[in-house]
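Here the structure is laid out as structure tokens; the discussion comes afterwards.
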Amino acid sequence: MLVCLAASMLLSTLFCPLIIALCKKFNWYDEVDPRKIHTGLIPRLGGVALFAAFIISFGIYCAFFHPYDISESWPLFAGGMLILLFGVIDDFINMRAKIKFLVQIIAALLVVTSPCYFTHMFFIEIPPLIGRVFTFFWIIGIVNAFNLIDGMDWLCGGLSFFAVLTLGFIFMLDGNDIFAMHFILCGAIFGFLVWNKPNAKIFLGDGGSQSLGYIIAASPLFYPDRGHFNFNLILVMILLCSIPITDVIAAILRRKREGRSFFSPDRGHIHHKLLNIGFTKSTAIFFLLMLQFLLCVIVLTTYFMDPFAGGILLIVAIAFVFIIFIVFHYLNRSVNMRHAGHLSEAPQKEH
């Protein structure tokens with residue numbers, strides 16, 4: 001596993017400059033518009049380099065070191081490949097948001113029509129229909145949450161790295177073999193982050209951000225016996241994804257309040273607000289990644305606690321994230337009222 005983790009990191013680090021060179025040759029760049037923070041021509045196919053490295057390395061691990069039985073979890077892999085494929089296509093042709101949403105629905109349906117869905121909420125075994133419906137909305141919600149949070153160098157990749165690493169440790173402590181997949185993926189993410197550090201030479205693109213969101217959302221569905229963490233599984237996953245989740249909830253409320261479509265982009269996300277109230281790009285990303293690191297530490301700490309006590313700590317931590325977002329919302333509004341904001345939310349039409 002360690003050999004394949006190192007290979008994944010190395011391949012990702014090497015693939016990124018190759019993708020950058022290819023994008024420069026064919027003029028494949030991210031569009032610059034009023035809601036974007038970056039300027040200049042930046043390739044947006046980092047997800048291709050990241051997941052090519054991951055698929056090769058994990059394939060080698062399964063083929064030569066530790067065969068993995070996908071007979072029950074193949075719908076999860078199929079859904080992930082669908083998200084990745086159409087995400088990369090979108091990075092080339094910029095598909096309409098509703099088409100992307102349809103692809104996400106198909107991927108989620110692939111999962112929930114299989115045995116891969118949530119079966120418990122806390123200590124209660126829930127009916128299969130409820131479990132499938134919850135899983136369906138969970139997958140679509142997290143995929144979009146990580147896609148929307150991808151608006152600053154290191155942000156989506158960094159949040160995903162800490163979440164995937166934490167899940168890997170949880171599965172390792174539970175004695176489940178799927179932990180190796182998560183550590184190998186962390187290697188690929190780290191290799192990408194080398195090139196995505198401010199000022200980024202390459203972006204994840206929709207293929208990368210949506211696929212990372214999908215893997216994180218689908219991770220607890222890879223095996224039916226979730227061991228010690230089954231009791232607080234939902235709270236654990238919500239906390240690990242709480243920054244993107246809270247940001248997407250705020251976006252929904254903001255766009256509903258303004259009478260706009262959910263699919264219309266703007267500059268009202270948490271990283272935009274931090275910049276608007278005076279954070280630099282570096283301090284904004286440092287703050288958000290350190291918050292994610294703290295949340296991941298809390299998740300791992302609750303593994304060794306009594307389930308009820310751990311659940312209370314998880315709920316408090318989730319509430320803490322919501323409070324942070326509320327505080328920055330009102331700070332941002334205060335700045336805009338006083339100075340008209342030097343980073344307007346710049347709402348745009350749905351594309």
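Values below: every heavy atom of this structure, side chains too, minus hydrogens, waters and symmetry copies.
- Side-chain N or O atoms of Asn196 include one that pairs as donor or acceptor with a backbone N or O of Trp154 at under 3.5 Å.
- Between the side chain of Asn144 and the backbone N or O of Ile140, at least one donor-acceptor pair lies under 3.5 Å.
- Annotation: ring pair (Phe, Tyr, Trp, His ring centres under 6.0 Å) contacts of Phe86 (sequence neighbours excluded): none.
- When all heavy atoms of Leu295 and Leu239 are compared, the closest pair comes out as CD2-CD1, 3.7 Å.
- Atom CD1 of Ile20 sits about 11.0 Å away from atom CG of Leu22, to the nearest 0.5 Å.
- Inter-residue side-chain proximity for Pro17 and Trp195 is flagged as met; some heavy-atom pair is nearer than 4.5 Å.
- Scanning all heavy atoms of the two residues, the minimum distance from Leu14 to Leu18 falls at O-CG, 3.5 Å.
- More than 12 heavy-atom neighbours from other residues, nucleotides or ligands sit within 6.0 angstrom of CZ on Phe325.
- Every pair tested for salt bridge (Lys or Arg N to Asp or Glu O under 4.0 Å) that includes a residue from residues 124-150 fails, sequence neighbours excluded, so the list is empty.
- Shortest non-hydrogen contact noted between Phe179 and Phe171 is CB-CB, 3.7 Å.
- For the atom pair CE of Met305 and CG of Leu314, the computed distance is 8.0 Å after rounding to the nearest 0.5 Å.
- Contacts of Leu2 classified as side-chain contact (heavy atoms from CB on, under 4.5 Å), with partners at least two apart in sequence or in another chain: none.
- Considering CZ of Phe65 and CE of Met1, their distance stands at 12.0 Å, rounded to 0.5 Å.
- The minimum heavy-atom distance linking Gln292 with Ala163 is given by the pair NE2-CB, 3.9 Å.
- Between Leu289 and Leu155 the shortest heavy-atom distance is CD2-O, 4.2 Å.
- Pairs passing the side-chain hydrogen bond (donor to acceptor under 3.5 Å, both in side chains) check and including a residue from residues 12-29, sequence neighbours excluded, do not occur.
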Show the atom names and distances, to 0.1 Å, of all donor-acceptor pairs under 3.5 Å that link a side chain in residues 207-218 to residues at least two apart or in another chain.
unit_1 : atom_1 : unit_2 : atom_2 : d
Ser209 : OG     : Asn147 : ND2    : 2.9
Ser209 : OG     : Gly205 : O      : 3.2
Gln210 : OE1    : Gln104 : NE2    : 3.1
Ser211 : OG     : Gly207 : O      : 2.6
Tyr214 : OH     : Leu76  : O      : 2.6
Tyr214 : OH     : Gly80  : N      : 3.4

For residues 317-324, please give each side-chain donor-acceptor pair under 3.5 Å, one per line with the distance, not counting sequence neighbours.
none

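- Contact of the Trp138 side chain with the Val133 side chain is not registered, since no non-hydrogen atoms from C-beta on lie closer than 4.5 Å.
- Listed by first and then second residue, the salt bridge (Lys or Arg N to Asp or Glu O under 4.0 Å) pairs that reach into residues 205-220 are Arg44-Asp206, Lys100-Asp206, sequence neighbours excluded.
- When side chains are defined from C-beta on, Leu159 counts as touching Pro244, because their heavy atoms get closer than 4.5 Å.
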- [ ] May I have the step-by-step check of side-chain contact (heavy atoms from CB on, under 4.5 Å) for Leu102 and Lys98, ending in yes or no?
- [x] CA-CA 6 Å; Leu102 177 62; Lys98 291 179 181 178; over 6 Å; no
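- For the atom pair NE2 (His329) and CG (Leu253), the distance works out to 9.5 Å, reported to the nearest 0.5 Å.
- Within the structure, the side-chain hydrogen bond (donor to acceptor under 3.5 Å, both in side chains) test picks out the following pairs touching residues 234-252 (sequence neighbours left out): Asp247-His269.
- Cluster annotation: Val48 is connected to Val194 through the hydrophobic network of ILVMFWY side chains, with a link wherever side-chain heavy atoms come within less than 4.5 Å.
- Tyr117 is not listed as a side-chain neighbour of Phe134, based on a closest heavy-atom distance of 4.5 Å or more.
- Using a 30° and 60° split on the angle between ring planes, Phe77 and Phe222 fall in the perpendicular class, above 60°.
- Counting only heavy atoms from C-beta outward, the side chains of Lys201 and Cys16 never approach each other to under 4.5 Å.
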Open item on the list: Run the side-chain contact (heavy atoms from CB on, under 4.5 Å) test on Ile285 and Phe279 for me, step by step, so that the C-alpha distance in whole Å, both residues' side-chain angles and the decisive distance to 0.1 Å come before the verdict.
Closed with: CA-CA 9 Å; Ile285 190 63; Phe279 280 65; over 6 Å; no
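- Other cluster members for Ile326: Tyr330, joined by side-chain heavy-atom distances under 4.5 Å among Ile, Leu, Val, Met, Phe, Trp and Tyr.
- Annotation: the span from Cys156 atom SG to Leu288 atom CG amounts to 12.0 Å, rounded to 0.5 Å.
- Looking at Phe203 and Asp91, their side chains never come closer than 4.5 Å, going by heavy atoms from C-beta outward.
- In the model, Asn332 has a side-chain atom that pairs as donor or acceptor with a side-chain atom of Asn276 under 3.5 Å.
- For the pair Ile170 and Tyr303, the tightest heavy-atom approach, listed with the atom from each and the gap, is O-CE1, 4.5 Å.
- Shown here is Phe92, whose CZ atom has more than 12 heavy atoms of other residues, nucleotides or ligands within 6.0 Å.
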For residues 52-60, run the donor-acceptor check on the side chains, cut-off 3.5 Å, and write out each pair with its distance to 0.1 Å, sequence neighbours left out.
unit_1 : atom_1 : unit_2 : atom_2 : d
Ser57  : OG     : Ser8   : N      : 3.1
Ser57  : OG     : Ala53  : O      : 2.9

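- Side-chain contact between Val335 and Lys273 is absent, with no heavy atoms from C-beta onward closer than 4.5 Å.
- Rounded to the nearest 0.5 angstrom, Leu82 CG and Ile106 CD1 are separated by 6.5 Å.
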TODO: Mind running side-chain contact (heavy atoms from CB on, under 4.5 Å) on Lys197 and Asp153 for me, showing each step along the way?
DONE: CA-CA 6 Å; Lys197 66 182 179 181; Asp153 303 341; over 6 Å; no
Task: Test log, rule side-chain contact (heavy atoms from CB on, under 4.5 Å), inputs Cys296 and Leu165 - done: CA-CA 9 Å; Cys296 291; Leu165 184 64; over 6 Å; no
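- Neither Val316 nor Ile243 shares a network with the other; the hydrophobic side chains, linked directly or stepwise wherever heavy atoms of I, L, V, M, F, W or Y lie under 4.5 Å apart, form separate groups for each.
- Thr280 is linked by a side-chain hydrogen bond (donor to acceptor under 3.5 Å, both in side chains) to Thr283, counting only residues two or more places apart in sequence or in another chain.
- Criterion: ILVMFWY side-chain heavy atoms under 4.5 Å apart, direct or through other members. Under it, Leu185 and Leu10 are not part of a common hydrophobic cluster.
- Every pair tested for ring-ring contact (aromatic ring centres under 6.0 Å, His included) that includes a residue from residues 236-261 fails, sequence neighbours excluded, so the list is empty.
- Note: Phe231 and Phe308 meet the aromatic proximity criterion, with ring centroids under 6.0 Å apart.
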